[in-house]
Amino acid sequence: MNLKDYIRSIPDYPKKGILFRDITTLIKDADAFEECINQIIERSKDYKIDKIAAIESRGFVFASAVSYLLKKPFIMFRKKNKLPAETHSVDFQLEYGTATIEVHKDSIDKDDSVLIIDDLIATGGTAEAAAKLVEMSNAKIAAFVFAINLFDLGGSDILIKRGYKVENLMDFPGH
């Protein structure tokens with residue numbers, strides 16, 4: 001099954017010049033979603049994983065299923081002011097603005113090996129912020145897994161140059 005066949009492309013969303021890669025067409029197809037989760041698990045099996053983390057919000061769709069199947073704790077990186085307890089917080093640049101993500105301080109333990117899953121990587125700003133949250137907890141990144149890599153925007157390359165392991169299920173141009 002070619003997962004790329006289940007990704008819808010929407011031009012000029014959320015603003016002019018952005019070619020949005022929509023995963024809703026993949027997750028609404030039970031077979032395609034199952035295949036996607038299976039591919040994430042297959043790509044993850046060579047890494048030591050204590051916990052699985054995901055970036056709000058589309059990353060939650062994939063990571064929660066993987067967490068359940070691998071029987072690993074699930075950690076949520078959320079937008080600012082969405083978590084009720086004490087948090088670590090990181091500000092970062094998006095390709096079309098700025099944002100902040102947070103994690104509960106008690107979610108990640110010292111020396112945990114954390115697999116970070118998200119639907120898509122573009123410029124890498126969100127992923128780098130997620131890595132900082134893990135490192136603030138004195139833990140390490142097992143690897144990143146992205147369903148979609150917008151290869152011409154360079155986010156995966158930046159992570160690899162910084163020494164992180166990166167797995168991408170599909171490659172698309174970002175424009």
Side-chain angles (χ1 to χ4, degrees), residues 1-11 13 18-78 94-95 101 103 107-108 112-135 139-175:
M1 172 181 291
N2 185 353
L3 294 178
K4 289 177 90 170
D5 294 340
Y6 295 89
I7 302 299
R8 176 173 36 203
S9 297
I10 302 171
Y13 182 84
I18 304 283
L19 182 56
F20 188 81
R21 303 301 180 166
D22 182 17
I23 54 101
T24 64
T25 45
L26 182 142
I27 62 177
K28 76 176 186 177
D29 184 287
D31 293 332
F33 183 59
E34 179 183 25
E35 177 62 22
C36 185
I37 297 304
N38 288 341
Q39 285 187 28
I40 292 170
I41 290 170
E42 181 64 27
R43 300 277 186 112
S44 303
K45 71 180 186 180
D46 292 334
Y47 302 104
K48 178 192 176 293
I49 301 166
D50 297 312
K51 294 180 178 169
I52 294 173
I55 301 163
E56 185 169 346
S57 66
R58 293 179 304 269
F60 293 173
V61 174
F62 300 102
S64 60
V66 172
S67 175
Y68 171 78
L69 290 170
L70 294 182
K71 298 181 177 13
K72 299 291 181 182
F74 176 56
I75 309 302
M76 295 185 295
F77 296 139
R78 303 254 2 234
L94 295 166
E95 51 274 22
I101 58 170
V103 67
S107 292
I108 302 170
D112 276 346
S113 183
V114 180
L115 176 69
I116 299 175
I117 299 172
D118 205 1
D119 68 318
L120 180 141
I121 183 161
T123 61
T126 308
E128 286 185 284
K132 287 179 186 174
L133 290 174
V134 171
E135 292 160 355
K140 57 188 170 295
I141 310 297
F144 287 91
V145 179
F146 302 100
I148 297 171
N149 172 34
L150 301 181
F151 62 85
D152 57 335
L153 299 182
S156 282
D157 295 335
I158 289 168
L159 293 176
I160 292 166
K161 286 178 187 169
R162 297 217 165 121
Y164 298 113
K165 303 293 185 196
V166 177
E167 302 285 342
N168 298 306
L169 303 188
M170 296 171 268
D171 290 315
F172 283 97
H175 296 97

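These numbers were taken from a predicted model, which means no experiment stands behind them.
Atom-to-atom distance recorded for I108:CD1 and I75:CD1 is 5.5 Å, nearest 0.5 angstrom. Between atom CG of residue L26 and atom CG of residue L3 there is a gap of 5.5 Å, rounded to the nearest 0.5 Å. To the nearest 0.5 Å, atoms CD1 (I52) and CZ (F62) are separated by 14.0 Å. Put simply, CD1 on I18 and CG on L153 are 8.0 Å apart, with the number rounded to the nearest 0.5 Å. Here CD1 of I121 is found 11.0 Å from CG of D171. Values are rounded to the nearest 0.5 Å. Note that the CG atom of L120 and the CG atom of D22 stand 11.0 Å from one another [nearest 0.5 Å].
Not a single salt bridge (charged side-chain N to carboxylate O under 4.0 Å, His left out) links D118 to another residue, sequence neighbours left out. Annotation: side chain to side chain donor-acceptor pair (under 3.5 Å) contacts of D50 (sequence neighbours excluded): K48. Under the rule for a ring pair (Phe, Tyr, Trp, His ring centres under 6.0 Å), the partners of F74 that lie at least two apart in sequence or sit in another chain are F60. Annotation: ring pair (Phe, Tyr, Trp, His ring centres under 6.0 Å) contacts of Y47 (sequence neighbours excluded): none. Applying the side chain to side chain donor-acceptor pair (under 3.5 Å) rule to Y164 yields the partners E135; only residues at least two apart in sequence or on another chain are considered. Qualifying side chain to side chain donor-acceptor pair (under 3.5 Å) partners for K28, counting only residues two or more places apart in sequence or in other chains: none. A search for side chain to side chain contact (heavy atoms under 4.5 Å, CB included) contacts involving N2 returns K4, D5, not counting sequence neighbours. Residues that satisfy the side chain to side chain contact (heavy atoms under 4.5 Å, CB included) test with P173, not counting sequence neighbours, are R21, F151, D152. Evaluation of the side chain to side chain donor-acceptor pair (under 3.5 Å) rule for N168 yields S156 as partners, not counting sequence neighbours. The salt bridge (charged side-chain N to carboxylate O under 4.0 Å, His left out) test applied to E34 returns no partner, not counting sequence neighbours. Scored by the salt bridge (charged side-chain N to carboxylate O under 4.0 Å, His left out) test, E35 finds no partners at all (sequence neighbours excluded).
No more than 12 heavy atoms of other residues, nucleotides or ligands lie within 6.0 Å of NZ in K132, so this atom counts as exposed by the packing criterion.
The nearest pair of heavy atoms linking A142 to L115 is CB-N, 4.2 Å. Among all heavy-atom pairs drawn from L159 and A127, the shortest one is CD1-CB, 3.8 Å. Closest non-hydrogen pair, S67 versus P73, comes out as OG-C, 3.7 Å. Among all heavy-atom pairs drawn from P11 and S9, the shortest one is CD-O, 3.8 Å. Here the closest non-hydrogen pair linking A53 and V114 is CB-CG1, 3.7 Å. Counting all heavy atoms, side chain and backbone alike, I101 lies closest to A130 at CD1-N, 3.7 Å.
Note on residues 68-78: pairs passing side chain to side chain donor-acceptor pair (under 3.5 Å), not counting sequence neighbours, are E56-R78.
Side-chain atoms of I141 and I116, non-hydrogen and from C-beta on, do get closer than 4.5 Å to each other. With a 4.5 Å cut-off on side-chain heavy atoms, L19 and F172 do not count as touching.
In this structure, F20 and Y13 have perpendicular ring planes: the angle between them is above 60°, well past the 30° mark.
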Next on the checklist: As a quick check of understanding, evaluate side chain to side chain contact (heavy atoms under 4.5 Å, CB included) for V66 and I37, giving each step before the final call.
Outcome noted: CA-CA 6 Å; V66 172; I37 297 304; 4.0 Å; yes
Next on the checklist: Applying side chain to side chain contact (heavy atoms under 4.5 Å, CB included) to I23 and I7, what does each step give before you reach the verdict?
Outcome noted: CA-CA 6 Å; I23 54 101; I7 302 299; 4.0 Å; yes
